[in-house]
Trainee: 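I'd like to ask some things about the structure below.
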There are 4 protein chains.
Amino acid sequence: MKKQGVKERIIETASDLFYNNGYNQTGINQIIAEAGVAKASMYQHFRSKEDIAVAYLKQRHINWMGSLQDFVSSKKTNKEKVIASFDYLESWLSSVNYRGCGFQNIICDLPQDQHKIKDQVLLHKTDVKKLIDILLHEDSNQEDLANEILVLLEGAIILSQIQKNSWPIKAAKRAAIKLLD
Amino acid sequence: MKKQGVKERIIETASDLFYNNGYNQTGINQIIAEAGVAKASMYQHFRSKEDIAVAYLKQRHINWMGSLQDFVSSKKTNKEKVIASFDYLESWLSSVNYRGCGFQNIICDLPQDQHKIKDQVLLHKTDVKKLIDILLHEDSNQEDLANEILVLLEGAIILSQIQKNSWPIKAAKRAAIKLLD
Amino acid sequence: MKKQGVKERIIETASDLFYNNGYNQTGINQIIAEAGVAKASMYQHFRSKEDIAVAYLKQRHINWMGSLQDFVSSKKTNKEKVIASFDYLESWLSSVNYRGCGFQNIICDLPQDQHKIKDQVLLHKTDVKKLIDILLHEDSNQEDLANEILVLLEGAIILSQIQKNSWPIKAAKRAAIKLLD
Amino acid sequence: MKKQGVKERIIETASDLFYNNGYNQTGINQIIAEAGVAKASMYQHFRSKEDIAVAYLKQRHINWMGSLQDFVSSKKTNKEKVIASFDYLESWLSSVNYRGCGFQNIICDLPQDQHKIKDQVLLHKTDVKKLIDILLHEDSNQEDLANEILVLLEGAIILSQIQKNSWPIKAAKRAAIKLLD
DNA sequence: AATGAATGAGCGTTCATTCAT
DNA sequence: GATGAATGAACGCTCATTCAT
């Protein structure tokens with residue numbers, strides 16, 4: 001049971017809670033209770049709740065980007081990969097715990113001073129942008145196109161969360177296909 | 001002195017605080033202090049904090065939709081109006097207190113059970129969708145197109161908030177123009 | 001039982017605890033438990049622990065000065081009154097809960113930023129100084145003399161506390177008599 | 001690198017912190033962090049925080065008494081030495097980190113049971129008393145006089161700390177001169 | 001001799017809501 | 001219609017100390 005270390009258990013527990021219940025709705029006490037860790041032990045590994053959130057976002061970033069790249073890797077051309085990223089969104093939406101983008105969600109209602117979290121969110125979005133940029137790097141005016149794809153991705157995520165429906169993802173995919181032609 | 005009624009003063013104060021500082025970051029005490037209202041008076045007008053949020057969202061919906069329609073009304077054709085809606089986003093972004101979409105923001109980190117708020121957000125997004133739908137109602141396959149525009153609008157808002165930059169709006173507008181051609 | 005209001009009960013309880021057990025040793029929880037008050041009720045009357053300390057010191061100032069003036073009032077001449085103030089110290093020392101000067105004590109091990117408390121202590125000592133000044137106001141070089149008496153008073157208090165003995169008070173009184181001759 | 005031993009480094013660090021920031025304001029973690037010592041190592045040298053305080057007071061006692069004796073040693077007569085001890089206070093007050101008497105300070109807001117610390121404070125004050133006693137040992141009624149000088153010394157220290165001014169020391173010196181004549 | 005992870009208890013403070021008047 | 005006092009629960013965080021290695 002206690003195979004993994006305390007720190008990992010805290011991050012895992014906090015990740016579940018932060019994503020599914022929200023950052024402000026998740027208290028330190030809940031995290032330590034579910035992780036089975038003493039409060040002071042937790043604060044030995046993380047200086048603050050904000051720092052736990054940063055660890056959560058870092059891990060989520062790695063997982064999410066990895067899943068996305070795995071998903072699109074089967075496609076041959078870069079254009080197909082870009083389009084497939086919308087299929088990835090749809091498969092992600094179907095997962096049991098879909099609550100939209102963890103990075104968008106945490107930034108929306110954040111105390112003013114939590115800059116470390118905001119930086120982490122920006123870093124994630126920047127990496128997504130880089131990925132699309134690379135896939136579309138061949139032509140000259142592709143940066144513009146990459147930005148448009150990005151907007152579609154973000155819009156599809158937030159709108160599918162609000163609407164609790166996949167039509168925004170389908171619409172985004174259609175639009176992407178048109179723009180890429 | 002007390003030109004407007006108690007209820008209006010509470011809504012106005014709460015609106016400022018909810019939008020600019022965030023829903024979870026805004027306490028009841030802060031609202032009544034800044035509104036100059038006794039606590040029990042506030043609870044006479046609103047059963048809970050959630051109800052204040054609903055009132056805030058209702059008013060914000062009216063204001064936002066009104067501003068958007070004002071902005072695009074000068075354009076002649078419906079197509080131009082749709083494109084102008086992205087210019088509206090950009091002018092909105094330039095306003096002093098831009099913090100993204102109040103509806104997106106409040107829904108992102110919300111206690112699980114606050115359905116009234118979620119309903120209000122959905123209602124707002126549905127009305128935006130209706131507006132775009134109407135502007136593009138002439139042709140048969142326009143509902144698809146309207147949905148794509150919607151995704152671009154939402155993506156432009158959330159991404160410009162995260163990036164603290166207007167490039168997502170510009171990209172969304174470019175994409176919209178291509179899709180509308 | 002509940003004749004007096006909540007605020008008074010908090011001050012009274014906190015006064016006992018702050019003086020007898022020390023400011024840092026006394027927790028908010030202990031105060032509210034012994035006062036029989038809910039925590040949030042306490043924070044409705046006092047913004048912070050520091051503010052409770054200020055209220056404690058203000059009341060202690062009034063009581064202490066009143067007792068001193070009562071004690072010396074029976075003496076005829078001002079000189080006798082000054083000397084009697086040392087007798088007051090000695091009678092005070094004999095009281096059950098003597099723990100030295102509450103103002104000296106609280107200032108000695110205080111977080112750096114608690115200026116309101118420090119101000120209150122200074123105010124108390126300044127008022128004691130004023131009292132002695134007035135009693136010795138007749139001659140020209142009496143301010144010097146008053147300051148010397150003050151030093152003797154303070155020294156007698158702190159040293160009797162450390163030594164747990166009244167000899168410092170007796171010594172101070174002897175010295176005062178010599179200086180006043 | 002590690003010129004001095006672990007124990008010495010702990011005492012030195014704790015001394016700075018205890019005197020300048022206060023005993024209750026100084027945490028174990030801060031001490032070991034600034035001393036660059038592991039927590040368990042610290043507890044190998046000291047059974048408790050109280051024991052560190054005792055070591056701090058012991059060293060402070062030696063240093064303070066030494067400085068005082070150095071300062072007054074240049075004076076010829078014993079009477080001059082006693083008077084010079086007030087000049088010593090004034091030079092001490094001018095030092096950058098003057099925060100009053102470390103022994104007075106630590107005793108003022110102390111958990112009830114920390115007897116070891118209280119004993120150490122008493123020991124220090126007793127030694128100061130001895131020093132003055134010896135300097136004034138010639139005549140018969142000098143013990144009384146020595147006690148009066150002591151009261152002046154203590155009063156000068158505590159009052160100069162509260163007032164953040166040297167007038168109490170000057171007043172004490174004036175009084176001492178009169179008493180010694 | 002030395003380590004750093006782990007702990008239970010407590011810190012001061014704030015929350016949204018209710019109640020008696 | 002309006003008030004402000006009162007509340008239980010929870011907040012994020014720090015304390016001095018101990019333990020297994």
Side-chain angles (χ1 to χ4, degrees), chain A residues 2 5-7 10 24-33 36-53 111 114, chain B residues 2 5-7 23-33 36-53 111 114, chain C residues 2 5-7 10 24-33 36-53 111 114, chain D residues 2 5-7 23-33 36-53 111 114:
Chain A
K2 287 206 169 189
V6 176
K7 188 162 189 174
I10 294 170
N24 288 296
Q25 267 51 55
T26 303
I28 289 288
N29 289 322
Q30 197 180 353
I31 295 172
I32 61 164
V37 171
K39 194 176 281 192
S41 302
M42 201 221 74
Y43 274 96
Q44 195 130 16
H45 292 287
F46 301 95
R47 306 173 76 92
S48 66
K49 189 186 176 187
E50 187 182 14
D51 279 13
I52 304 178
Q114 316 250 310
Chain B
K2 289 199 174 188
V6 173
K7 190 163 188 172
Y23 178 67
N24 288 295
Q25 270 53 57
T26 302
I28 289 288
N29 288 323
Q30 195 182 354
I31 295 172
I32 60 163
V37 170
K39 189 171 281 191
S41 301
M42 198 221 73
Y43 273 95
Q44 204 130 12
H45 291 287
F46 301 95
R47 304 174 75 93
S48 66
K49 188 185 177 187
E50 187 181 13
D51 280 13
I52 305 178
Q114 316 250 315
Chain C
K2 285 205 171 189
V6 176
K7 189 163 188 173
I10 294 170
N24 289 295
Q25 268 52 55
T26 303
I28 290 288
N29 290 321
Q30 197 180 354
I31 295 173
I32 61 164
V37 171
K39 196 175 278 194
S41 303
M42 201 220 75
Y43 274 96
Q44 197 130 14
H45 292 287
F46 301 95
R47 307 173 76 91
S48 66
K49 189 186 177 188
E50 187 181 14
D51 278 14
I52 304 179
Q114 318 251 310
Chain D
K2 289 197 172 189
V6 173
K7 190 162 186 173
Y23 178 68
N24 287 295
Q25 271 52 57
T26 303
I28 289 288
N29 288 323
Q30 195 182 355
I31 294 173
I32 61 164
V37 170
K39 189 170 282 193
S41 299
M42 198 221 75
Y43 272 96
Q44 205 131 11
H45 290 287
F46 301 95
R47 305 175 74 94
S48 67
K49 188 184 177 187
E50 187 182 13
D51 279 13
I52 305 179
Q114 316 250 316

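Residue numbers begin at 1 in each chain, while the letters A, B, ... track the order of the sequences. The structure presented is a predicted model; accordingly, all values stated were derived computationally and were not measured.
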Trainee: What is the separation between atom CD1 on Ile10(C) and atom C1' on dA5(F), rounded to the nearest whole Å?
Mentor: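 Spelled out: CD1 on Ile10(C) to C1' on dA5(F) is 11 Å.
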
Trainee: Kindly state each residue pair satisfying salt bridge (Lys or Arg N to Asp or Glu O under 4.0 Å) with at least one member in residues 41-50 of chain C, sequence neighbours excluded.
Mentor: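 Salt bridge (Lys or Arg N to Asp or Glu O under 4.0 Å) check on residues 41-50 of chain C returns no pairs.
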
Trainee: Using a heavy-atom cut-off of under 4.0 Å over every strand shown, decide if Val37(D) touches base, sugar-phosphate, or nothing.
Mentor: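 If one applies the 4.0 Å heavy-atom cut-off, Val37(D) turns out to touch nothing in the nucleic acid.
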
Trainee: Rounded to the Å, how far apart are Phe46(D) CZ and dT18(F) P?
Mentor: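 It works out to 16 Å between those atoms.
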
Trainee: Could you tell me how far apart Gln44(D) (CD) and dA2(E) (C1') are, to the nearest whole angstrom?
Mentor: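 Interatomic distance, CD of Gln44(D) to C1' of dA2(E): 7 Å.
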
Trainee: If a stem is a run of at least 3 consecutive Watson-Crick or G-U pairs, both distances under 3.5 Å, which stems include DNA chain E?
Mentor: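 Runs of three or more consecutive pairs: E:2-21 with F:2-21.
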
Trainee: Taking only N and O in the side chain of Ser41(D), is any of them less than 4.0 Å away from OP1 or OP2 of dA1(E)?
Mentor: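 False: Ser41(D) side-chain N/O out of range (4.0 Å or more) of dA1(E) OP1/OP2.
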
Trainee: Rounded to whole Å, please give me the gap between CD1 in Ile32(B) and C1' in dA5(F).
Mentor: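 In whole Å, dA5(F) C1' and Ile32(B) CD1 are 12 Å from each other.
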
Trainee: With Gln30(D), which residues qualify under side chain to side chain contact (heavy atoms under 4.5 Å, CB included), at least two apart?
Mentor: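 With neighbours one apart ignored, the set is Leu17(D), Asn21(D), Thr26(D), Glu34(D).
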
Trainee: Using the test side chain to side chain contact (heavy atoms under 4.5 Å, CB included), find all partners of Tyr43(A) that sit at least two apart in sequence or belong to another chain.
Mentor: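 Only Ile28(A), Lys39(A) meet the side chain to side chain contact (heavy atoms under 4.5 Å, CB included) criterion with Tyr43(A).
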
Trainee: Can you name the residues that form a side chain to side chain donor-acceptor pair (under 3.5 Å) with Gln25(C), not counting sequence neighbours?
Mentor: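 Gln25(C) satisfies side chain to side chain donor-acceptor pair (under 3.5 Å) with Asn24(D) once adjacent residues are dropped.
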
Trainee: Can you tell me how far the CD1 atom of Ile10(A) sits from the CD atom of Gln44(A), to the nearest 0.5 Å?
Mentor: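 The CD1 atom of Ile10(A) sits 10.0 Å away from the CD atom of Gln44(A).
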
Trainee: Nearest heavy-atom pair of Ile32(B) and Asn29(B): which atoms, and what distance?
Mentor: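 For Ile32(B) and Asn29(B), the tightest heavy-atom pair comes out as CG1-O, 3.2 Å.
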
Trainee: Are any protein N/O atoms closer than 3.5 Å to N/O atoms in nucleotides 9-13 of chain E? If there are, list each pair with its distance.
Mentor:
from, atom 1, to, atom 2, distance (Å)
dC11(E), OP2, Asn29(C), ND2, 2.7
dG12(E), OP1, Lys49(C), NZ, 2.7
dG12(E), OP2, Ile28(C), N, 2.6
dT13(E), OP2, Tyr43(C), OH, 2.6
dT13(E), OP2, Lys49(C), N, 2.9
dT13(E), O5', Tyr43(C), OH, 3.3
dT13(E), O4, Lys39(C), NZ, 2.8

Trainee: Are His45(D) and dA1(E) close enough that a side-chain N or O sits under 4.0 Å from OP1 or OP2?
Mentor: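 It does not, given that no N or O in the side chain of His45(D) lies less than 4.0 Å from OP1 or OP2 of dA1(E).
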
Trainee: Check the pair Met42(A) / Ile52(A) against side-chain contact (heavy atoms from CB on, under 4.5 Å), numbers first and verdict last.
Mentor: CA-CA 9 Å; Met42(A) 201 221 74; Ile52(A) 304 178; 3.6 Å; yes

